[in-house]
A.B. asks: 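Structure incoming, see below.
Both counts, for ligands and for their atoms, begin at 1 and track the order of listing. Atoms considered below: every heavy atom in the structure, side chains included; atoms not considered: hydrogens, waters and symmetry mates.
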Amino acid sequence: MKIILLGAPGAGKGTQAEKICVHYNIPQISTGNIIREAMKNETPAGLKAKEFVNSGALVPDEVVIEMVNDRLKQDDCANGYILDGFPRTVPQAEALDQMGVQIDKVLDIEVADDVIMGRMTGRRVCSKCGATYHTEFNPAKDGVHCDKCGTELTIRKDDEPETVKARLQVYHEQTEPLKDYYQNKGNLVMVEGVGALDEITAKILKALEA
Ligand code: ADP
Ligand code: AMP
């Protein structure tokens, strides 16, 4: 199963991807996590990405496309994967097509901008394994450490309200056109992303089985 998760920043792509990948036993490929790891390790791509990520802009297409191309060649991708946060531009979607990738379903998680602004202040992330939490809506068991790997949770620098506003604008301008792109290909499914986490997961799994 090859799945793309589309949606605004904060729509719940990462949170839902963590559950879907367990259900299908396929890897979650989050370009945000790959980029943050590269930034932490100060690789050439990570150093290039830093200014874009911290200002809320997208990292240049060629940098992200190369990262994804490399990742999809790894053995664990043989039975499928969830792309969480890629593609985010039409050229990225075209690059995926050119790699010969056949996507089964594109799930668009719909959440209004004002709901997202409210969510982002409570987001906490694990910088080691990439897991995502929310102080109120999806708290870690002890509120401080990652349930999966025990690492202390942190606040993402790009989750400050001004940066989130910039990211939402970028989303509407550059990523939202992908809804039409995949609608035209016939594999887009829209899911309402407001409500209980488990209910949204159930709706997504139902849409994937359809
Ligand atoms: P994305 O990967 O799309 O940027 P996340 O999965 O990181 O979004 O979700 C953004 C924040 O909103 C996180 O703190 C997450 O725990 C929280 N969140 C996700 N889904 C819901 C939901 N249905 N209701 C409330 N909060 C949610
Ligand atoms: P995310 O964790 O998905 O919210 O991504 C965090 C940041 O990483 C984004 O705001 C972008 O700066 C960058 N990023 C992640 N995925 C992509 C992508 N597909 N194309 C360009 N930039 C990306």
A.B. asks: For atom CG of Asp104, is the number of surrounding heavy atoms from other residues, nucleotides or ligands below 6.0 Å larger than 12?
C.D. replies: yes
A.B. asks: Would you find more than 12 non-hydrogen atoms of other residues, nucleotides or ligands less than 6.0 Å from Asn41 atom CG?
C.D. replies: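 Result for CG/Asn41: enclosed.
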A.B. asks: List ligand 2 atoms under 4.0 Å from Arg36, heavy atoms only on the residue side.
C.D. replies: 2 (O), 6 (C)
A.B. asks: Report yes if Arg123 has an N/O atom closer than 3.5 Å to an N/O atom of ligand 2; otherwise report no.
C.D. replies: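 N/O-N/O distance under 3.5 Å: no.
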A.B. asks: Indicate yes or no: does Asp114 engage Arg119 in a salt bridge with an N to O separation below 4.0 Å.
C.D. replies: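 A salt bridge is absent here (no side-chain N lies under 4.0 Å from a carboxylate O).
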A.B. asks: Between Glu209 and Lys206, is the closest basic N to carboxylate O distance under 4.0 Å?
C.D. replies: no
A.B. asks: With no hydrogens and no angle check, do the side chains of Asp61 and Thr89 hold a donor and an acceptor under 3.5 Å apart?
C.D. replies: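 Yes - a donor-acceptor pair under 3.5 Å links their side chains.
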A.B. asks: Among protein heavy atoms, which lies nearest atom 22 (N) of ligand 2, and at what distance?
C.D. replies: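 Answer for atom 22 (N) of ligand 2: Val59 N, 3.1 Å.
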A.B. asks: Return a yes/no value for Phe86: is any of its N or O atoms, backbone included, closer than 3.5 angstrom to an N or O of ligand 2?
C.D. replies: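 No.
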A.B. asks: Charged N to carboxylate O under 4.0 angstrom, Asp198 versus Lys19?
C.D. replies: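 Yes, this pair counts.
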A.B. asks: Between Gln169 and Glu173, do the side chains contain an N or O donor and an N or O acceptor separated by less than 3.5 Å?
C.D. replies: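 Short answer, yes.
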A.B. asks: Just to confirm my output: which protein heavy-atom neighbour is closest to atom 10 (O) of ligand 2, and how far is it?
C.D. replies: Arg167 NE, 3.8 Å
A.B. asks: Should the heavy atoms of other residues, nucleotides or ligands under 6.0 Å from CD of Glu176 be counted, would the total exceed 12?
C.D. replies: yes
A.B. asks: Below 4.0 Å from any atom of ligand 2, is there a heavy atom belonging to Pro87?
C.D. replies: no
A.B. asks: Any idea which protein heavy atom is nearest atom 20 (N) of ligand 2, and the distance to it?
C.D. replies: Gln92 NE2, 2.8 Å
A.B. asks: Rounded to the nearest 0.5 Å, how far does NZ of Lys48 lie from NZ of Lys50?
C.D. replies: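 Lys50 atom NZ to Lys48 atom NZ measures 15.5 Å (nearest 0.5 Å).
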A.B. asks: Please state which protein non-hydrogen atom is closest to atom 16 (N) of ligand 2 and give its distance, to 0.1 Å?
C.D. replies: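 Here the nearest protein heavy atom works out to Thr31 OG1, 2.8 Å.
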A.B. asks: Pick, from Lys13, Met120, Arg88, the option with the minimum heavy-atom distance to atom 1 (P) of ligand 2.
C.D. replies: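 Going through Lys13, Met120, Arg88 one by one, Arg88 has the nearest heavy atom to atom 1 (P) of ligand 2.
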A.B. asks: How does Val64 reach ligand 2, by side chain, by backbone, by both or by neither, if only non-hydrogen atoms under 4.0 Å count?
C.D. replies: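 For Val64, only side-chain atoms sit under 4.0 Å from ligand 2.
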A.B. asks: Looking at Arg71 and Asp76, is any side-chain nitrogen of the basic one under 4.0 Å from a carboxylate oxygen of the acidic one?
C.D. replies: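 Yes, Asp76 and Arg71 are salt-bridged.
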A.B. asks: Indicate, as side chain, backbone, both or neither, the part of Ala57 found under 4.0 angstrom from ligand 2 when only non-hydrogen atoms are considered.
C.D. replies: backbone
A.B. asks: Can you list, by chain and residue number, every protein residue with a non-hydrogen atom closer than 4.0 Å to ligand 1?
C.D. replies: Ala8, Pro9, Gly10, Ala11, Gly12, Lys13, Gly14, Thr15, Arg119, Arg123, Thr132, Tyr133, His134, Phe137, Asn138, Gly193, Gly195, Leu197, Ile200
A.B. asks: Considering only the protein, which heavy-atom contact is closest to atom 23 (C) of ligand 2, and what is its distance?
C.D. replies: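 Heavy-atom neighbour on the protein nearest atom 23 (C) of ligand 2: Ile35 CD1, 3.7 Å.
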A.B. asks: Have a look at ligand 2 and work out which part of Arg156, if any, has a heavy atom under 4.0 Å from it: side chain, backbone, both or neither.
C.D. replies: side chain
A.B. asks: Return yes when atom CD of Glu199 has more than 12 non-hydrogen atoms of other residues, nucleotides or ligands closer than 6.0 Å, and no otherwise.
C.D. replies: no
A.B. asks: Is Thr121 reaching over with its side chain to a backbone N or O of Gly118, donor-acceptor style, under 3.5 angstrom?
C.D. replies: yes
